[in-house]
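Just so you know, these numbers come straight off a predicted model, no measurement behind them.
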Amino acid sequence: TLLADRLGTLSATVSVEAPDCLVFEARSSLRYFGGIGKLRALLQQLLEPVLSEWGLPVSVHHAASPTPAASLLLARAGCNLLIHRKENLRSALGRLSVQSLSMPVSRRRQLHASGLRSLRDVWRLPGHALGQRFGTQFLRQLDQCLGRIASPVRTYQSPPRFNSSLEFEYAVETTQRLLPAVEELLERLCSFLR
């Protein structure tokens, strides 16, 4: 959630994609931040200190494309690509291995056993046959990557935080004098929770 909060400074739409990715809408921020190059630099500046502190590699895989599903797939495959137009998605994604798709291992084995190694191989087959053989979820994932159907994005919202304080006009020397202040703070907390 810390990383998602940090990305919230770059975009109003941030989504946490378990277990290892963050997706954010960048198009509306490009002009404000001065283009994709500067946005990438800011992204690195925001994430690098946190990743370093956690002992993780500071280089991150990223991708930008017209659809969230394609960006996620490209980033997870380590492609670090920028695709401007939806028409270019099919050729950019075609080089990816079918192993990069989000699906059960048994389904990946089935694709491999069928001689389908890359998405380009998959797209050579008729959609109806693909649906029958590999399921509608598989087709849905491909259509989301190509922008044929919408990719649902769950926008991350940071959890609400409670913060309240009281100042005393005098020095408090006994715990008995603190009780009214504690009760006041507890009432504020209860009100916040309601």
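Across all non-hydrogen atoms, the minimal contact from Pro57 to Leu51 is O-CD1, 3.7 Å. Between Ala75 and Ala63, the closest heavy-atom pair is N-CB, 3.8 Å. Pairing each heavy atom of Leu96 with each of Ala77, the nearest pair is CD2-CB, 3.6 Å. The two residues Ser59 and Gln44 make their nearest non-hydrogen contact at CA-NE2, 4.0 Å. Across all their heavy atoms, Pro66 and Leu89 have their closest contact at CD-CD2, 3.9 Å. Heavy atoms only, all atoms of each residue included: Arg140 and Ile149 are closest at CG-CD1, 3.4 Å.
Atom CG of Leu81 is separated from atom OG of Ser65 by 9.5 Å, given to the nearest 0.5 angstrom. Distance check, rounded to the nearest 0.5 Å: CG of Leu111 to OG of Ser118 gives 11.0 Å. The structure places CZ of Arg31 at 12.0 Å from CZ of Arg27, a figure rounded to the nearest 0.5 Å. Between the CD1 atom in Ile83 and the CG atom in Asn88 there is a gap of 7.5 Å [rounded to 0.5 Å]. Atom-to-atom distance recorded for Leu74:CG and Cys145:SG is 8.0 Å, nearest 0.5 angstrom. Atom OG of Ser71 sits about 11.0 Å away from atom NE2 of His62, to the nearest 0.5 Å.
Cluster membership for Val14 and Leu72, using ILVMFWY side-chain heavy atoms within less than 4.5 angstrom, is not shared. By the rule that hydrophobic residues join a cluster once side-chain heavy atoms approach within less than 4.5 Å of another member, Leu116 and Val105 end up as members of separate clusters. Note on Leu46: it clusters hydrophobically with Ile36, by side-chain heavy-atom contacts below 4.5 Å among ILVMFWY residues. Val153 and Leu22 are members of different hydrophobic clusters when ILVMFWY side chains are connected at heavy-atom separations under 4.5 Å.
With sequence neighbours excluded, no residue forms a ring pair (Phe, Tyr, Trp, His ring centres under 6.0 Å) with Phe24. Qualifying salt bridge (charged side-chain N to carboxylate O under 4.0 Å, His left out) partners for Arg154, counting only residues two or more places apart in sequence or in other chains: Glu17. Under the rule for a salt bridge (charged side-chain N to carboxylate O under 4.0 Å, His left out), the partners of Arg161 that lie at least two apart in sequence or sit in another chain are Asp5. Applying the salt bridge (charged side-chain N to carboxylate O under 4.0 Å, His left out) rule to Arg85 yields the partners Glu87; only residues at least two apart in sequence or on another chain are considered. Checked against ring pair (Phe, Tyr, Trp, His ring centres under 6.0 Å), Phe33 has no partners two or more places apart in sequence or in another chain.
Residues Leu142 and Leu93 are not in side-chain contact: their nearest non-hydrogen atoms beyond the backbone lie 4.5 Å or more apart. Residues Leu82 and Arg40 are in side-chain contact: their nearest non-hydrogen atoms beyond the backbone lie under 4.5 Å apart. Residues Pro68 and Glu25 have side chains not in contact (no heavy-atom distance under 4.5 Å, counting atoms from C-beta outward). Contact annotation: the side chain of Leu43 approaches that of Leu7 to within less than 4.5 Å [non-hydrogen atoms, C-beta and beyond]. Arg133 has its side chain within reach of Ser114: a pair of non-hydrogen atoms, C-beta onward, lies under 4.5 Å apart. Taking 4.5 Å as the limit, some side-chain heavy atom of Leu3 sits within range of a side-chain heavy atom of Leu47. Residues Val50 and Glu53 form no side-chain contact, since every pair of their non-hydrogen atoms from C-beta on lies 4.5 Å or further apart. Looking at Leu73 and Leu119, their side chains come closer than 4.5 Å, going by heavy atoms from C-beta outward.
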Problem - Intermediate values then yes/no, side-chain contact (heavy atoms from CB on, under 4.5 Å), Phe138 and Val122 - result: CA-CA 11 Å; Phe138 176 72; Val122 171; 3.8 Å; yes
Practice task
Determine, step by step, whether Leu146 and Arg90 satisfy the side-chain contact (heavy atoms from CB on, under 4.5 Å) criterion, reporting the C-alpha distance in whole Å, the side-chain angles of both residues, the deciding distance to 0.1 Å, and the verdict.
Solution key: CA-CA 7 Å; Leu146 294 175; Arg90 191 174 174 119; 3.9 Å; yes
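Heavy atoms from other residues, nucleotides or ligands lying under 6.0 Å from OH of Tyr32 number 12 at most.
Side-chain contact, Ser102 with Arg76: no donor N or O sits under 3.5 Å from an acceptor N or O.
No donor-acceptor pair under 3.5 Å is formed between the side chain of Arg117 and the backbone N or O of Val98. In this structure a side-chain-to-backbone donor-acceptor pair under 3.5 Å is missing from Thr67 to Gly147.
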With a cut-off of 3.5 Å and sequence neighbours excluded, list every side-chain donor-acceptor pair involving residues 166-191.
residue: Glu184; atom: OE2; partner: Arg188; partner atom: NE; Å: 3.1
residue: Arg188; atom: NH1; partner: Ser164; partner atom: OG; Å: 2.6
residue: Arg188; atom: NH1; partner: Ser165; partner atom: O; Å: 3.2

